[in-house]
Number of protein chains: 2
Amino acid sequence: MAINNWLGVQTEVLKRIHDRTWKPGEIIPRETDLAYEFGCARVTVNRALRALADKGVLDRKRKVGTTVALYPTSKATLKIPLIRKEIQDLGTTYNYKLIRQSTNQTPNEKRLLTHFSINDNLIYIEAIHTSDGKPFVIENRFINQKIVPNFKNQQFEENSPNEWLLANIPYTHGEINFAATNCSVDISTLLDINPGDAVFQVERTTFDKEEVITNVLLTYHKDYRLKASL
Amino acid sequence: MAINNWLGVQTEVLKRIHDRTWKPGEIIPRETDLAYEFGCARVTVNRALRALADKGVLDRKRKVGTTVALYPTSKATLKIPLIRKEIQDLGTTYNYKLIRQSTNQTPNEKRLLTHFSINDNLIYIEAIHTSDGKPFVIENRFINQKIVPNFKNQQFEENSPNEWLLANIPYTHGEINFAATNCSVDISTLLDINPGDAVFQVERTTFDKEEVITNVLLTYHKDYRLKASL
DNA sequence: CTTACTATTATGTACATACATAATAGCATA
DNA sequence: TATGCTATTATGTATGTACATAATAGTAAG
């Protein structure tokens, strides 16, 4: 069986996993053996297997060898688009409206103290993003004032702070979590739903090395679903 | 500047992106130029850049070249662990209990018709997974009966159907979505919460090529949060 | 100006060779 | 038996060379 490209190798490997020639938890043949069987270079096999390991299909360990993952770790890659793009991809008209903005805020919610220090000065922004004029998501955002030294010159009246931050403040890593909550009175008014309705919330925090850049709490419209593929 | 391994190249590339030597949306030097600058092989540069492209940091196009992503597509990779593992990782005791099981069911909810045909025969399973004796997640699951021809011999009384499926029925792809909902009376009883409380739901469907294997609706305990890193 | 064709470009990849390294197996010693 | 050291193993990677290919730029013809 001649296979002379890495995608072909990967296809054949997936086929053998799928038809249980190679069972979950079991060792598969060595790279050198597979290369011999397929009539290609070992590096080519390595390339294919590495890609499958990155996807969680295979587990690889030096000297031990390569095993089919016992329980394939299902990975859903969530691409977190710009809200603007998410709304426009729906074929609807996007609009952003600033509700409230202030500086020299302190972290006044318990969840913020996970990341900010009590002495941090924060910019607070509350805004609404709409889809065809209807509320899509409410944004409550804190930005580390130290990170935006010239904030007085910045304008978040016309444009979303997230887009500005992404373009201007590099981040190294972040955290994100998803939850369901009963909508508060304040936000239910903005979303034009009933207090107590279940809403989908996303909280995201980004860091530049050790420094917190921003924390945002997004509260989506009723019946919002976040989709991904496996 | 001598860099002779791909991880070193990647680190230097990330540094230049971070300090805005290379700005978002802009073209970076060609692979051959970078290889010349770093004193390494072009393939080594390619290896580093490809990994960054896979992460959404760079965009690459033949002939055009490589650009820093204008808005880095934030990708959160959700690893979807076995429920058992998720609970055990909390340091608590996992337990599974079957509530209801039946065969020859038809797709009786609108959401199921997205995937199943009206004529499909389904196995229905309702179960509860607990953490230290407290309800953690309720599982409502439909399995394509055609996929499990010897179902009568199968036992989901002691063990979770998901673990059995993962070990025995290979899947090619799937879909997953996350939502918030107000808890129904039935499920709120099982979860020991109030009807109307907001709960986090995950719906997942897996396929073997064109054939639906299973659809599961997981309803998590109150205040559940799904976390990931960026 | 538009269309079609060809040349060029930068990424994408295969190969053989060589070296690196994490990790286990085997062996010797106390 | 336990410990420590060395050899071996399978994956991990770097290189130079060669070829492949998607995509754009340039040119010629109508």
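So that the names make sense, note that chain A is the first sequence line, chain B the second, and so on, each numbered from 1.
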Report the residues that fulfil ring pair (Phe, Tyr, Trp, His ring centres under 6.0 Å) with [X], sequence neighbours left out, ordered by chain and then residue number.
X	answer
A/H18	none
B/F142	B/Y124
B/F38	none
B/F116	none

How would you give the extent of chain A contacts on DNA chain C, as first and last nucleotide 5' to 3' within a 4.0 Å heavy-atom cut-off?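 Contact boundaries, 5' end first: C/dT13 to C/dT24.
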
Using the test salt bridge (Lys or Arg N to Asp or Glu O under 4.0 Å), find all partners of [X] that sit at least two apart in sequence or belong to another chain.
X	value
A/R47	none
B/K15	B/D19
A/E86	none
B/D208	none

So, does A/T92 use its side chain to make a donor-acceptor pair with the main chain of A/I87 at under 3.5 Å?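 Present.
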
Using whole Å, report how far CG of B/N5 lies from C1' of D/dG12.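 It is 12 Å, rounded to the nearest whole Å.
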
Expected output is a numbered-order residue list: members of residues 41-51 of chain B with a heavy atom under 4.0 Å from any atom of DNA chain C. What is it?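 Result for residues 41-51 of chain B: B/R42, B/N46, sorted by number.
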
My understanding is that only residues two or more places apart in sequence, or in another chain, count here; which of them pass side chain to side chain contact (heavy atoms under 4.5 Å, CB included) with B/K110?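 Counting only residues at least two positions away or on another chain, B/K110 forms no side chain to side chain contact (heavy atoms under 4.5 Å, CB included).
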
Proximity to DNA chain D (any heavy atom under 4.0 Å), residues of residues 11-18 of chain B only: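 Contacting residues: none.
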
Could you tell me whether B/T32 contacts a base, only the sugar-phosphate backbone, or nothing, with contacts defined as non-hydrogen atoms closer than 4.0 Å?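 Result for B/T32 = nothing.
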
